[in-house]
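These values consider heavy atoms only, across backbone and side chains, with no hydrogens, waters or symmetry-generated copies.
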Amino acid sequence: MAREICRGAGVKGEPVGRQEVSRWEQGKRTPRQWLPFIAAALGVSVEVLQGPQNPDQPPLPTLSDFLPDGDPLAPLRSREGRRVGPGQVGDLQKRVHGLRLADDVLAGGDLIRPALRELRVAVRVYREGTHSGEVGRALLGQIGELAQIAGWIASDAGQHGDAERIYRLGFSAAMQADDRTLAGNLAGSLAYQLSNTGREVEGARLARAALDGAGPGAPPRARALYLDRVAWAHTKAGETQLAMRALGEAGEVLAADSAGIESPAYLYWVDAGELKVMESRVHTEMHRPLRAVPLLRDVLSRYDTTHTRELALYLSWLAVALADANEPEEAAATAERVSTLSETVTSDRTAARVRVVRERLEGYRDVPEVRAVLDGAA
């Protein structure tokens, strides 16, 4: 919108940016002199924009609003499969955890096939096999966990439509298993994807629904993760104050965690360092390099270099923050590392971040180090 307004007004540079558009949307400022160009960009008359606006306020969504149509996990009326017991559930649990650990060091393109295969088998075992109510609930819980990591892998592979369907399947399983913490994790994962794929408003609504739906009884690590995703959703939607408030709440909640509080195994990676990563990303997105750069450098100084995808992603945020800080030479060196690392992983996320970094560096093309990186990429 900002680019279209500037283009329509025939002005050079960017006197109108995304933050200014956000202020208009939230009613914090009135565009006035830009109104004709906003109308032209939207293809409406100025009178339409000046007319009274009384939109209906929809009720806040709940987690149940995001359940898939029908019931993809409905057991078959005539079950001919084998009897499923706790042993098979335990085996599935180990495979799910193994897939989750593999995702730490491999990318979506490498893992998408085995992840989908495991999910299909797990759903078939639940639907076709015979089992007690307790075993059935345990199976549903593992299907939910498997769907969360499979959805994450599909999203990383760039298969966003498949990822959304997988997340909703897992969400249905978690709700049927009466596991609100897992349901919140799945809903938050989908909200994160929506926020990153141009559906920021939906992402913010779903992230908040995940937090509210899990309730105050969720473990501190889980609530910190939900708030982390709420912060990112608000950041992508241009809602700075809401994002910073959610980040602060996430830190407070995580501080209440202790060795005596049991958390699901899938939250093993949620810690103070992860919150610091999100804080640095939020500051980068808000063009606050003086805050983002020290945080990112601290995180990267202690990061496990075997996690190539995450290392490339975090370095991409540092490259953008350095460019915002008017340090083009250092940004170029960091961008070169991002490109080198991204070439070794089949991740849509890293590929997208490489494009963001290169676009940000274009403004410094006259700097030799930057030109070398951009020309080499071309």
Side-chain angles (χ1 to χ4, degrees), residues 61-77 79 81-100 103 111-112 114-155 159-194 206-207 209-215 217-219 222 225-226 229 263-267:
T62 65
L63 282 180
S64 298
D65 294 328
F66 298 93
L67 283 169
D69 295 332
D71 184 2
L73 294 165
L76 300 179
R77 291 184 179 180
R79 300 190 183 190
R82 62 178 180 174
R83 180 76 177 178
V84 182
Q88 286 85 354
V89 175
D91 290 341
L92 176 59
Q93 184 178 23
K94 292 176 183 177
R95 294 200 302 276
V96 173
H97 189 59
L99 188 63
R100 191 178 294 115
D103 178 68
L111 291 173
I112 185 65
L116 293 181
R117 184 169 58 248
E118 288 284 4
L119 184 59
R120 290 191 194 98
V121 170
V123 171
R124 188 167 64 245
V125 167
Y126 174 76
R127 296 189 68 212
E128 298 178 1
T130 59
H131 40 70
S132 66
E134 182 179 356
V135 169
R137 283 189 296 275
L139 274 173
L140 285 169
Q142 290 307 307
I143 290 172
E145 288 193 34
L146 181 53
Q148 192 281 323
I149 188 60
W152 178 262
I153 289 169
S155 183
Q159 300 181 19
H160 300 128
D162 290 337
E164 181 169 347
R165 287 188 288 274
I166 293 168
Y167 281 139
R168 293 186 187 275
L169 168 72
F171 177 61
S172 178
M175 293 291 279
Q176 291 184 50
D178 197 26
D179 189 337
R180 294 272 171 173
T181 300
L182 177 57
N185 189 24
L186 282 147
S189 297
L190 176 55
Y192 184 77
Q193 174 179 292
L194 296 177
L206 181 52
L211 174 65
D212 295 341
L225 176 58
Y226 305 153
R229 287 167 173 162
S263 295
Y266 55 77
L267 296 175

- Task: Start with the C-alpha gap between His97 and Tyr266, add the side-chain angles, then the distance that decides, and say whether ring-ring contact (aromatic ring centres under 6.0 Å, His included) holds.
- Result: CA-CA 8 Å; His97 189 59; Tyr266 55 77; over 10 Å; no
- Message: Set out, in order, the CA-CA distance, both residues' side-chain angles and the distance that settles side-chain hydrogen bond (donor to acceptor under 3.5 Å, both in side chains) for Ser172 and Gln176, then state yes or no.
- Response: CA-CA 6 Å; Ser172 178; Gln176 291 184 50; 3.2 Å; yes
- Steps toward side-chain contact (heavy atoms from CB on, under 4.5 Å) verdict (Arg83, Ser132): CA-CA 9 Å; Arg83 180 76 177 178; Ser132 66; 4.1 Å; yes
- Message: Go through it in stages, so that I can follow the logic: the residues are Val123 and Ile143, the test is side-chain contact (heavy atoms from CB on, under 4.5 Å), and I'd like the CA-CA distance, side-chain angles, deciding distance and then a yes or no.
- Response: CA-CA 7 Å; Val123 171; Ile143 290 172; 4.2 Å; yes
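Looking at Leu225 and Leu267, their side chains come closer than 4.5 Å, going by heavy atoms from C-beta outward. Leu194 places a side-chain heavy atom less than 4.5 Å from the side chain of Glu164. In this structure the side chain of Val125 never reaches within 4.5 angstrom of the side chain of Gln88, judged on heavy atoms. For the pair Val89/Gln142, a side-chain contact is recorded, criterion being any heavy-atom separation below 4.5 Å from C-beta on.
In plain terms, the two heavy atoms of Gly144 and Ala173 that are nearest each other are N-CB, 4.0 Å. The two residues Ala174 and Ala183 make their nearest non-hydrogen contact at CB-N, 3.6 Å. Listed here is the closest heavy atom pair of Ala207 and Ala191: N-CB, 3.5 Å. Ala222 and Thr181 make their closest contact through CB-CG2, 3.8 Å (heavy atoms, listed as atom of the first residue, atom of the second, distance). Between Arg180 and Ala214, the closest heavy-atom pair is O-CB, 4.0 Å. The nearest pair of heavy atoms linking Gly184 to Tyr226 is C-CE2, 3.4 Å.
Note that the OH atom of Tyr167 and the CH2 atom of Trp152 stand 6.0 Å from one another [nearest 0.5 Å]. Atom CD1 of Ile166 sits about 8.0 Å away from atom CG of Leu169, to the nearest 0.5 Å. One finds the CG atom of Leu146 at 5.0 Å from the CG atom of Leu119 (value rounded to the nearest 0.5 Å). With rounding to the nearest 0.5 angstrom, the CG atom of Leu99 is 10.0 Å from the CD atom of Gln148. Atom CZ of residue Arg117 and atom CZ of residue Arg95 lie 10.5 Å apart, to the nearest 0.5 angstrom. Here the straight-line distance linking atom CG of Asn185 with atom CG of Leu190 works out to 11.5 Å at 0.5 Å rounding.
Side-chain contact annotation: Ser155 with Gln159, donor-acceptor N/O pair under 3.5 Å absent.
A donor-acceptor pair under 3.5 Å links the side-chain atoms of Gln193 to the main chain of His160, judged by distance alone. In this structure, the side chain of His131 does not engage the main chain of Gly85 through any donor-acceptor pair within 3.5 Å.
Between Arg100 and Asp103 there is no salt bridge, since no side-chain nitrogen of the basic residue lies less than 4.0 Å from a carboxylate oxygen of the acidic one.
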